[in-house]
Trainee: 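One structure follows; several queries about it will come next.
These values consider heavy atoms only, across backbone and side chains, with no hydrogens, waters or symmetry-generated copies.
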Amino acid sequence: MSSKIVEITETIEFVAHIDEDKDCLMSQDPPESLWFNIDVPKGHGLQAGDRIKVTIEKV
């Protein structure tokens, strides 16, 4: 049984190239919001300005 801890809906501020296999999605603005820095596999199709939802659950 999983338990949701937090759900963040924000705009991707920056997509960083990590290596040939993954990128990093980042949002650290505005300061009053929760921010994220998440590595994802290449081929995700996301770019700066896209809105995404990140859900953290304990499983």
Side-chain angles (χ1 to χ4, degrees):
M1 181 183 220
S2 64
S3 173
K4 185 174 8 176
I5 296 168
V6 67
E7 188 171 273
I8 302 167
T9 303
E10 287 294 337
T11 302
I12 296 173
E13 182 181 351
F14 187 77
V15 179
H17 169 79
I18 302 298
D19 58 28
E20 287 70 36
D21 299 319
K22 61 187 173 182
D23 287 333
C24 182
L25 309 177
M26 292 180 264
S27 177
Q28 299 178 344
D29 198 35
E32 66 274 0
S33 70
L34 296 173
W35 61 273
F36 57 86
N37 183 345
I38 302 169
D39 290 356
V40 296
K42 291 258 189 226
H44 49 77
L46 297 168
Q47 60 186 2
D50 287 347
R51 300 251 321 146
I52 63 168
K53 183 186 300 184
V54 178
T55 303
I56 307 296
E57 297 180 352
K58 183 174 182 176
V59 293

Trainee: So do the side chains of Cys24 and Asp39 get within less than 4.5 Å of each other, counting heavy atoms only?
Mentor: yes
Trainee: Could you measure the distance from the NZ atom of Lys58 to the OG atom of Ser2? Nearest 0.5 Å is fine.
Mentor: 12.0 Å
Trainee: In terms of side-chain geometry, is the basic nitrogen of Lys42 or Asp23 positioned less than 4.0 Å from the acidic oxygen of its partner?
Mentor: yes
Trainee: What heavy-atom pair brings His44 and Leu25 nearest, and what distance separates the two atoms?
Mentor: CE1-CD2, 4.3 Å
Trainee: Closest approach of Leu46 and Val15, non-hydrogen atoms and distance?
Mentor: O-CG2, 4.1 Å
Trainee: May I ask whether Phe36 and Leu34 are part of the same hydrophobic cluster, defined by side-chain heavy atoms of I, L, V, M, F, W, Y residues being less than 4.5 angstrom apart, directly or through others?
Mentor: yes
Trainee: Does Val54 share a hydrophobic cluster with Trp35, counting links as ILVMFWY side-chain heavy atoms below 4.5 Å and allowing steps through other members?
Mentor: no
Trainee: To the nearest 0.5 Å, how far apart are CE in Met26 and CD in Glu10?
Mentor: 15.0 Å
Trainee: With rounding to the nearest 0.5 Å, note down the distance linking NZ in Lys4 to CD1 in Ile56.
Mentor: 11.5 Å
Trainee: Could you give the distance from CD (Glu13) to CG (Asn37), rounded to the nearest 0.5 Å?
Mentor: 10.5 Å
Trainee: Grab the two heavy atoms, one from Ser27 and one from Thr11, that are nearest each other, plus how far apart they are.
Mentor: OG-O, 3.1 Å
Trainee: Same cluster or not: are Val40 and Phe14 linked, directly or through other Ile, Leu, Val, Met, Phe, Trp or Tyr residues, by side-chain heavy atoms under 4.5 angstrom apart?
Mentor: no
Trainee: Quick one: closest heavy-atom pair of Lys53 and Thr9, and the distance?
Mentor: CG-OG1, 3.6 Å
